[in-house]
**Student:** 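Just passing along the structure, written as structure tokens.
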Amino acid sequence: MISFDNNESHVRYKLVEEGKMTETQKHSIGVIGTGNFARAIAKRLYYSADDQMIAYLSSIDDCFCDIAVGSISDCIQNAEIIFLAIHFADYTDCLGKYIPELSRKILIDVSNRDRPSETESNAEFLSTLVPDAKVVKAFNVLSAYAIEEETAGGSRRVFLAGNDTTARTKVSVLARELGFYPVDLGLLKSSRKIERFPIRLFPEWRGPIAFSIAVFNIWFLYIIFIYFVEKSAFSWEQIFIKVTNKPLCMTAITLLSATYLPSSIASMFQIFYGTKHIRFPYWFDKWLKARKQLGIMAFILVTVHVIISVLLMSPTYWRSWYHPIKIIVPKNLTEDLELPMVTWMIWKGEAACLAGILAFLCLCILAVSTIPSVSETLNWKEWQFIQSKLGHVSLFLSVVHVIIMGAPGWANGGVVKILKSITFLSLILPVITLTLKILFSFPCLNRYVTKIRRGWERNNTGCKAKCSKPYNSGYVVSKKENSKLDFNFDAEASQMIQFESDACECHMLKNV
Ligand SMILES: NC(=O)C1=CN([C@@H]2O[C@H](COP(=O)(O)OP(=O)(O)OC[C@H]3O[C@@H](n4cnc5c(N)ncnc54)[C@H](OP(=O)(O)O)[C@@H]3O)[C@@H](O)[C@H]2O)C=CC1
Ligand SMILES: [Cu+2]
């Protein structure tokens, strides 16, 4: 056992009990630090260790009485894998004097920074500071609380990156032993990405939410203009529910169209360029990636629209859906008169309800299928069927719902009135989306697009792809001359690549 060193209490560790494990089976694990993270990981190591794993070290807590606390130099000497549970700013101060001893040790960098650097991650700095150590970035995405408590919320995935494959594998195994799910992101430069994970707040949702709010506001203001400024169709008292319900419906159908329109636009791009190896414009790439979020936003708005519509289901609120109540008072009334205030829906009310319910049902299935535990049970074809076919069916039923709501009104008005009606305006985008979908489903076009997506190129003599413009990773660039793929995932580096037109190939990794 390593002796307790009162002067240097930063280090805690326990060595493998002699004779119990062999060096080939086990790794000794050290933790440098005495703060929240160090305590949490030491506790976790203490409870999760099994025969496959060697010892871990440390903690001065009473409950860890069989874990010795020692000096930093003891820890470095005896541990093969070392958790560096100190702040990034203290790296040089803490490790500066131990650089030769750290040679060939696996250093797990768990640090985070409020503002990660774009050019050098903490882990990359550490690997420059201790060039002979095998630095692995890992565990920084977990909070100390999540490490200590199995019941803590949040993902239990541990992203890791490092240049040494064996070190990465050892840390992966360790993460699994500790009850987490390791996700290997490859080389150490991926640590820049990993260090951005803990500080991000739903980045993929920002655009779709902002877009949904903008679309809702546009519809809301237009509806206020039509129903309050142009004519006084409602009292201001109805602004909260009855009036707000209309832009909810319009926004939902607009978002649903925005979810399905990009796949047709992508087909148009591919037909125009005659190849699938094209780089979409930045805005379109963002739009493609936001489809799931747009669909979920549409589902949320439809749900609110359904709840409000059910709440308001009465002849007073949905006058045009019901037969008017006729009360004929007899002239020579001699006794008490009973007036039955009962009325039935007309065909418009019933048909609009049916179309709305079916559209909502399809959207419910779509939403459920995006839950990870459900989507894992589907194969690729089933997933595609639900997301694409059912999505378009739902959009079609929504269109039918809006047409039933609006068409009787269109019949009574002139062209200007039709063009100004919210039902007509809200149908433009969905109808374009559905028309394009039908167009691309025709066998001739469908076959042509499928051929392109399988890799056929209309004009394969030159390189039409624009690989030189960086904004995203995920592109593979290959030079034809040595017919060898040069995998390049680095945005900065891909900026530098300029090819002769007949000597280049660009492969986009993402299939639309
Ligand atoms: N807490 C959390 O939930 C998470 C933390 N992390 C990362 O873990 C690391 C530690 O965080 P946390 O435990 O919360 O921080 P704390 O402030 O609780 O602990 C910091 C530790 O570093 C030690 N230390 C400071 N300077 C030196 C030095 N020069 N030499 C040796 N040891 C030193 C401190 O010792 P002393 O007290 O004696 O000065 C203390 O034990 C950070 O990099 C953080 O980004 C990552 C994910 C989650
Ligand atoms: Cu509706």
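We count ligands from 1, going down the list as the structure has it; atoms in each ligand are counted the same way.
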**Student:** Geometry only, no angles: is Ile86 polar-contacting ligand 1 at N/O separations under 3.5 Å?
**Tutor:**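 Min N/O separation from ligand 1 is below 3.5 Å for Ile86.
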
**Student:** Given Ile32, Asn36, Ile147, which one has a non-hydrogen atom that is nearest to atom 18 (O) of ligand 1?
**Tutor:**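 Selected option, by shortest heavy-atom distance: Asn36.
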
**Student:** Is the closest N or O pair between Tyr145 and ligand 1 shorter than 3.5 Å?
**Tutor:**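 So ligand 1 has no N or O lying under 3.5 Å from an N or O of Tyr145.
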
**Student:** Under 6.0 Å between ring centres, would you say that holds for Trp344 and Tyr322?
**Tutor:**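 For Trp344 and Tyr322, the ring centres are not under 6.0 Å apart.
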
**Student:** Looking at Tyr181, I want to see if its OH is surrounded by more than 12 non-hydrogen atoms of other residues, nucleotides or ligands under 6.0 Å.
**Tutor:**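 Open.
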
**Student:** When you compare ligand 1 with Leu142, is there at least one nitrogen or oxygen pair between them that comes in under 3.5 angstrom?
**Tutor:**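 No, no N or O pair falls under 3.5 Å.
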
**Student:** Test your reading of the structure: does Asp93 have an N or O sitting under 3.5 Å from an N or O of ligand 1?
**Tutor:**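 Looking only at distances, the answer is yes, because the N/O contact criterion of under 3.5 Å is met.
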
**Student:** Any N or O of Asn112 that comes nearer than 3.5 Å to an N or O of ligand 1?
**Tutor:**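 Among all N and O atoms of Asn112, at least one is under 3.5 Å from an N or O of ligand 1.
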
**Student:** Taking only residues two or more places apart in sequence, or in another chain, which ones meet Phe37 in a ring-ring contact (aromatic ring centres under 6.0 Å, His included)?
**Tutor:**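 Phe37: no ring-ring contact (aromatic ring centres under 6.0 Å, His included) contacts found.
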
**Student:** Distance check, rounded to the nearest 0.5 Å: Leu188 atom CG versus Asp109 atom CG?
**Tutor:**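 Rounded to the nearest 0.5 Å, the CG-CG separation comes out at 8.5 Å.
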
**Student:** Considering the heavy atoms of Ala144, write down every atom of ligand 1 situated less than 4.0 Å from one of them.
**Tutor:**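 Answer for ligand 1: 1 (N), 2 (C), 3 (O).
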
**Student:** For ligand 1, is there an N or O atom under 3.5 Å from any N or O atom of Gly35?
**Tutor:**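 Yes: some nitrogen or oxygen of Gly35 is under 3.5 Å from one in ligand 1.
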
**Student:** Judging by distance only, is a nitrogen or oxygen of Ile72 under 3.5 angstrom from one on ligand 1?
**Tutor:**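 In fact, backbone or side chain, Ile72 has no N or O that close.
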
**Student:** Heavy atoms only: give me the nearest Ala161-Leu187 pair and the separation to one decimal.
**Tutor:**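 Nearest heavy atoms, Ala161 then Leu187: CB-O, 3.4 Å.
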
**Student:** Atoms of ligand 1 less than 4.0 Å from Gly33 heavy atoms?
**Tutor:**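 Within the 4.0 Å cut-off of Gly33, ligand 1 contributes 41 (O).
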
**Student:** Mind telling me whether Phe220 and Phe216 have parallel, tilted or perpendicular rings, with 30° and 60° as the class edges?
**Tutor:**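 If you compare the ring of Phe216 with that of Phe220, the planes turn out parallel.
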
**Student:** Working to the nearest 0.5 Å, report the span between CG of Asn122 and OG of Ser191.
**Tutor:**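 It is 8.0 Å, given to the nearest 0.5 Å.
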
**Student:** State whether Phe180 and Arg156 meet the cation-pi test: NZ (Lys) or CZ (Arg) under 6.0 Å from the six-membered ring centroid, and within 45° of the perpendicular axis.
**Tutor:**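 No; the conditions do not both hold, so Arg156 does not lie above the ring face of Phe180.
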
**Student:** Taking only heavy atoms of Asn140 into account, list the atoms of ligand 1 that are under 4.0 Å away from them.
**Tutor:**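 So the answer, numbered in order with elements, is 47 (C).
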
